[in-house]
Amino acid sequence: MLDFIIVGQGLAGSVLAFTLIRRGCKGIVLDHAKGNGASQVAAGLYNPVTGRKMVKTWKADHLFPFLENFYAQAEKETGYSFLYPQPIYRPFQDVEEQNDWMGKSSNNHFAPFVHHVAKESMFGEDIHDPYGGILLKQSGFVDLPVFIQGIRHWLQAMNSYRETLFDPQQLQIEGEAVRYQEWKARKVIFCDGTASARHHFFGWLPFRPVKGELLYIALEKPIEVIYNRGVFVLPTPQFCKVGATYDHHDLSQEITAKARTYLLEKLNILLKSKFELVGQVAGIRPATPDRRPFVGIHPAYKPMGIFNGLGTKGVSLAPYFASQLADHLLQGKALDEEVNISRYFQLYNRVIA
Ligand SMILES: Cc1cc2nc3c(=O)[nH]c(=O)nc-3n(C[C@H](O)[C@H](O)[C@H](O)COP(=O)(O)OP(=O)(O)OC[C@H]3O[C@@H](n4cnc5c(N)ncnc54)[C@H](O)[C@@H]3O)c2cc1C
């Protein structure tokens, strides 16, 4: 009998499979590999200080040291390169913001993530930064399509991957185990992104999908840090990614003129350098109402679990919480209550009542 069947090999399924197999588990990952999951278009940014008000992201002190170790380990095991640690530079809007950060940067709360606070322009050739800015560390990006490809080859070499469309109707619960076609396992874990919202096993969870779009641009002159104000401009080996938009209403996979106009307007405010627009992509983030992931075991079917709801910050959330789920499955350790799907069990009870 296998230890697990994982449904979906986007970011969530890849990180969880890698974590469980490295702890000695045996399993199979099923993915239909159509290439339209959120992970295939995501910019892959990890940023410890975010938002208009520049606050430390939730659990940053735990998540950020963990994530670089995780992806570096995965690079070593797979032989692929996908981790790009890179400073993020955020120009100040005015003298007030500059003063505010001169004070805040040395306090213990922010110090691990602040590389430098500049009172004068640091990157004036590329962007508008007359009041200086803040250079963050423990930041960068993961090239997610390459990460997923690397993990897929690693799984294939162990005969632990199958390209197939999982059909929920064919899943059978057999006592403490599950059976799906030729595979019997102790657990099935759903890592199928927004698809979980459409099947009855986990469709009762309150998914709040959010569409996102990115532009690809070619810059006249290469840049060495990630710029972030209004939009981010992220230099990859091929081109720069500019994003992102957030739309709760239009949940189609199509790119839109509205998003392009919005991103170009923000980009023109930030950037001085000339650029050429070379592409645009769209995807749907599997987000949640409280911005915390969905992790845990089904209230009625004990051999069934979920690792999902990674929302806008999958790159930083996935390694830490996959490890927590592995501790839970293998050692019975408690899950963080903020991510445990037990916080929504009353919704399941309403559905079956
Ligand atoms: C435009 C955009 C920009 C983003 N930028 C960032 C960023 O900079 N940083 C960051 O951390 N996050 C970012 N995100 C969010 C990030 O993409 C998500 O948090 C993450 O990719 C979610 O991964 P997932 O594996 O849960 O879902 P998905 O990537 O959607 O993966 C689900 C997988 O399940 C498979 N699947 C579904 N149903 C079935 C089935 N029936 N049978 C077999 N396989 C199935 C799919 O093929 C897919 O591979 C961005 C998202 C978007 C859209």
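Note that this is a predicted model, so its numbers are computed, not measured. When a ligand or atom number is given, it counts from 1 through the structure's own listing order.
The nearest heavy-atom contact from the protein to atom 41 (N) of ligand 1 is Phe166 O, 3.1 Å. With hydrogens left out, the protein atom closest to atom 9 (N) of ligand 1 is Leu45 O, 3.0 Å, a heavy atom. Looking only at heavy atoms of the protein, atom 30 (O) of ligand 1 is closest to Ala38 N, 3.1 Å. Atom 12 (N) of ligand 1 has Thr312 O, 3.1 Å as its closest protein atom, hydrogens excluded (heavy atom only). Scanning the protein heavy atoms around atom 51 (C) of ligand 1, the nearest turns out to be Arg285 CG, 3.4 Å. Of the protein's non-hydrogen atoms, the one nearest atom 23 (O) of ligand 1 is Ser39 OG, 3.2 Å. Of the protein's non-hydrogen atoms, Gly311 O, 3.8 Å is the one closest to atom 16 (C) of ligand 1.
Residue-to-ligand polar distances place Gly44 within reach of ligand 1: an N/O pair is separated by less than 3.5 Å.
One option in Gln40, His32, Glu163, Arg198 has a heavy atom closer to atom 36 (N) of ligand 1 than any other, and that option is His32. Of all the listed residues (Gly8, Ala195, Gly193, Ala43), Ala43 holds the heavy atom that lies closest to atom 5 (N) of ligand 1. Taking all heavy atoms of Gly13, Gly283, Gly309 into account, the minimum distance to atom 53 (C) of ligand 1 is reached by Gly283. By heavy-atom distance, the residue among Asn308, Asp192, Val315 lying nearest atom 32 (C) of ligand 1 is Asp192. In the candidate list Gly10, Gly314, Ala12, Ala12 is nearest to atom 26 (O) of ligand 1, counting heavy atoms. Counting heavy atoms only, Ala42 comes closest to atom 3 (C) of ligand 1 of the residues Gly212, Ala282, Ala42. Closest heavy-atom approach to atom 33 (C) of ligand 1 among the candidates Asp31, Ile148, Thr245: Asp31.
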Full working for salt bridge (Lys or Arg N to Asp or Glu O under 4.0 Å) between Lys184 and Glu174: CA-CA 9 Å; Lys184 186 169 180 178; Glu174 295 183 352; 3.6 Å; yes
Evaluation steps, salt bridge (Lys or Arg N to Asp or Glu O under 4.0 Å), between Asp3 and Lys26: CA-CA 5 Å; Asp3 296 304; Lys26 288 200 165 28; over 6 Å; no
Pair Arg22-Glu77, salt bridge (Lys or Arg N to Asp or Glu O under 4.0 Å): steps then yes or no: CA-CA 10 Å; Arg22 295 249 315 146; Glu77 286 269 342; 2.8 Å; yes
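Relative ring orientation between Phe64 and Tyr46 is described as tilted, the plane-to-plane angle lying within the 30° to 60° band. Using a 30° and 60° split on the angle between ring planes, Phe190 and His199 fall in the tilted class, from 30° to 60°. In this structure, Trp204 and Phe202 have tilted ring planes: the angle between them lies in the 30° to 60° band.
By the 6.0 Å and 45° rule, Arg291 does not stack over the aromatic ring of Trp58. A cation-pi arrangement is present between Arg285 and Tyr246, with the terminal nitrogen or guanidinium carbon under 6.0 Å from the aromatic centre and inside a 45° cone about the axis.
Here Asp167 has no heavy atoms under 4.0 Å from ligand 1, in either its backbone or its side chain. At a heavy-atom cutoff of 4.0 Å, ligand 1 is contacted by no atom of Lys211, backbone or side chain.
The side-chain heavy atoms of Trp154 and Tyr80, taken from C-beta on, include no pair separated by under 4.5 Å. Side-chain contact between Asp336 and Asn340 is absent, with no heavy-atom pair separated by less than 4.5 Å. Side-chain atoms of Phe201 and Met304, non-hydrogen and from C-beta on, do get closer than 4.5 Å to each other. Inter-residue side-chain proximity for Pro289 and Tyr344 is flagged as met; some heavy-atom pair is nearer than 4.5 Å.
Remark: ligand 1 atoms within the under-4.0 Å shell around heavy atoms of Thr164 are 42 (N), 43 (C). Taking a cut-off of under 4.0 Å to the non-hydrogen atoms of Leu165, the atoms of ligand 1 that pass are 40 (C), 41 (N), 42 (N).
Nearest heavy atoms, Leu325 versus Ile306: CD2-O, 4.2 Å.
Remark: distances from the non-hydrogen atoms of Cys191 to ligand 1 include one below 4.0 Å. Ligand 1 does not have Leu234 within reach: every non-hydrogen atom of the residue lies 4.0 Å or more from it.
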